[in-house]
Amino acid sequence: MTDPLSYDLYAEDMKILLDSLHINKTNILGWSDGGNTGLIMAAKYPKYVDKLAVTGACTNPNDAVSTSTLEEVRKAIESLKTKLDAQSKYQVKLFTMLLTEPHLTALDLKKIKAPVLVMAGEKDMILEKHTKFIADNIPKSQLFIFKGASHYVPVEKVSEFNTEVLTFLNQ
């Protein structure tokens, strides 16, 4: 596949999968890329989403992460471009997507009708002000920041993370 990767494509693939499984409405839990995909799914295909829980998600990489993080990704792309193996070529496509996607606006977030739990680690690579922006613009959202955790909160704080998600889903 030579086409670029995109979160819109991921959300479309999710919709196709749900259709093929005859699932009309479901809960979605997404971490990082999965969170970005979940936000797009809830905005573009709202009838499919009952509840959405995201952690480490963003709406636009230029607003969501530090310039130094973006520069690290750019350097990684340049280094990988010198390699010819399939894994390196795929990694270039993935990292390019991380620099350029997603493209969600406050208006897109306001379209989300499902209840949403917006989470992040206190030390997440996604800036806390950006995580708050997401929560502030989704009408039925809750915000939870995990103290002392990074972007990897689901594996750093397994029990606390699972408790927050399950409490939200069972409300």
K.L.:
Identify the two heavy atoms, one from L39 and one from C58, that lie closest to each other, and give their separation to 0.1 Å.
P.N.:
CD1-O, 4.2 Å

K.L.:
So which atom in S6 and which in E101 form the shortest heavy-atom distance, rounded to 0.1 Å?
P.N.:
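Looks like CB-OE2, 3.6 Å.
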
K.L.:
If hydrophobic clusters are built by linking Ile, Leu, Val, Met, Phe, Trp and Tyr wherever their side-chain heavy atoms come under 4.5 Å apart, do L169 and F146 end up in the same one?
P.N.:
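Yes; tracing contacts between hydrophobic side chains, which count when under 4.5 Å, links both residues.
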
K.L.:
Using a 3.5 Å distance criterion without hydrogens, assess whether the side chain of D50 forms a donor-acceptor pair with backbone atoms of N27.
P.N.:
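Answer holds: no.
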
K.L.:
Is any side-chain heavy atom of I40 closer than 4.5 Å to a side-chain heavy atom of P102?
P.N.:
yes

K.L.:
Examine distances only and state if a side-chain atom of H130 and a backbone atom of T59 form a donor-acceptor pair shorter than 3.5 Å.
P.N.:
yes

K.L.:
Write down the atom of A57, the atom of G35, and the distance for their closest heavy-atom approach.
P.N.:
CB-C, 3.8 Å

K.L.:
Check the pair L98, D33 against side chain to side chain contact (heavy atoms under 4.5 Å, CB included), reporting the backbone distance first and the verdict last.
P.N.:
CA-CA 9 Å; L98 295 177; D33 289 348; 3.5 Å; yes

K.L.:
Checking S88 side chain against L84 main chain: does a donor-acceptor pair fall under 3.5 Å?
P.N.:
no

K.L.:
For the residue pair K47 and N24, establish whether any side-chain heavy-atom pair is separated by less than 4.5 Å.
P.N.:
no

K.L.:
Check whether K83 reaches the backbone of K89 with its side chain - one donor and one acceptor, N or O, closer than 3.5 Å.
P.N.:
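Not a single qualifying donor-acceptor pair exists.
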
K.L.:
Taking side chain as C-beta onward, heavy atoms only, is H103 less than 4.5 Å from D108?
P.N.:
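No, their side chains stay 4.5 Å or more apart.
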
K.L.:
So if I apply the side-chain contact (heavy atoms from CB on, under 4.5 Å) rule between M41 and each of V49, I112, L52, which one comes out positive?
P.N.:
V49

K.L.:
Compare every heavy atom of L70 with every heavy atom of L99, then report the nearest pair and how far apart it is.
P.N.:
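Taking L99 first and L70 second, the nearest heavy atoms are CD2-O, 3.6 Å.
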
K.L.:
Show your working on side chain to side chain contact (heavy atoms under 4.5 Å, CB included) between K44 and D8 and close with a plain yes or no.
P.N.:
CA-CA 9 Å; K44 282 182 79 170; D8 286 310; 3.7 Å; yes

K.L.:
Side chains of T37 and M14: does their closest heavy-atom pair fall under 4.5 Å?
P.N.:
yes

K.L.:
Let me confirm one number: the CG-OG1 distance from L29 to T55, rounded to the nearest 0.5 Å.
P.N.:
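So the CG of L29 and the OG1 of T55 are separated by 8.5 Å.
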
K.L.:
Count I, L, V, M, F, W, Y as connected when their side-chain heavy atoms are under 4.5 Å apart, and connections chain through other members. Are V54 and Y45 then in the same cluster?
P.N.:
yes

K.L.:
Are M125 and F144 linked, directly or through other ILVMFWY residues, by side chains that come within less than 4.5 angstrom of each other?
P.N.:
no

K.L.:
Decide yes or no for M119 and V153: does some side-chain heavy atom of the first lie under 4.5 Å from some side-chain heavy atom of the second?
P.N.:
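The answer is no, as the side chains (C-beta and beyond) never meet within the 4.5 Å cut-off.
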
K.L.:
Any link between L17 and I23 through a network of hydrophobic side chains (Ile, Leu, Val, Met, Phe, Trp, Tyr) touching at under 4.5 Å?
P.N.:
yes

K.L.:
Linking I/L/V/M/F/W/Y whenever their side-chain heavy atoms sit closer than 4.5 Å, directly or via other members, would V165 and I134 fall into one cluster?
P.N.:
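V165 does not cluster with I134.
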
K.L.:
Test V65 against every option in D124, L127, I126 by the side-chain contact (heavy atoms from CB on, under 4.5 Å) rule and name the one that passes.
P.N.:
I126

K.L.:
Once rounded to the nearest 0.5 Å, what's the spacing between atom CD of E72 and atom OG1 of T67?
P.N.:
10.5 Å

K.L.:
Is there a donor-acceptor contact under 3.5 Å from the side chain of E122 to the main chain of G148?
P.N.:
yes

K.L.:
What's the shortest heavy-atom distance between A135 and S141, and which atoms?
P.N.:
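Looking at all heavy atoms of both residues, the shortest contact is O-OG, 2.5 Å.
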
K.L.:
Can you tell me if K157 has over 12 outside heavy atoms packed within less than 6.0 Å of its NZ?
P.N.:
yes

K.L.:
Find out whether L109 and V116 are in side-chain contact, i.e. whether some heavy atom of one side chain is under 4.5 Å from a heavy atom of the other.
P.N.:
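L109 does not reach V116 side chain to side chain.
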
K.L.:
CG of N60 to OG1 of T100: how many Å apart, nearest 0.5 Å?
P.N.:
9.5 Å

K.L.:
Determine the interplanar angle of the H151 and W31 rings, folded into 0 to 90°, and report it as parallel if under 30°, tilted if 30 to 60°, perpendicular if over 60°.
P.N.:
tilted

K.L.:
Mind checking the CG-CG spacing from L80 to L94? Nearest 0.5 Å is all I need.
P.N.:
10.0 Å

K.L.:
Take E128 and K132 through the test salt bridge (charged side-chain N to carboxylate O under 4.0 Å, His left out) and record every step on the way to the result.
P.N.:
CA-CA 6 Å; E128 191 169 319; K132 288 178 178 176; 3.2 Å; yes

K.L.:
Let me confirm one number: the CD1-CZ distance from I138 to F133, rounded to the nearest 0.5 Å.
P.N.:
9.5 Å

K.L.:
Could K51 and F168 be counted as a cation-pi pair, given that NZ or CZ must be under 6.0 Å from the ring centre and within 45° of the axis?
P.N.:
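Yes, a cation-pi geometry holds between K51 and F168.
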
K.L.:
With heavy-atom distances below 4.5 Å as the criterion, would you say the side chains of M97 and Y10 are in contact?
P.N.:
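In short, these two side chains touch, coming nearer than 4.5 Å.
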
K.L.:
Does any N or O in the side chain of S79 come within less than 3.5 Å of the main-chain N or O of K75, such that one atom is a donor and the other an acceptor?
P.N.:
no

K.L.:
Please assess L5 against Y90 for the test side chain to side chain contact (heavy atoms under 4.5 Å, CB included), listing each intermediate value before the final yes or no.
P.N.:
CA-CA 9 Å; L5 300 175; Y90 174 77; 3.8 Å; yes

K.L.:
For the atom pair OG1 (T167) and CD (E164), what is the distance rounded to the nearest 0.5 Å?
P.N.:
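T167 atom OG1 to E164 atom CD measures 6.0 Å (nearest 0.5 Å).
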
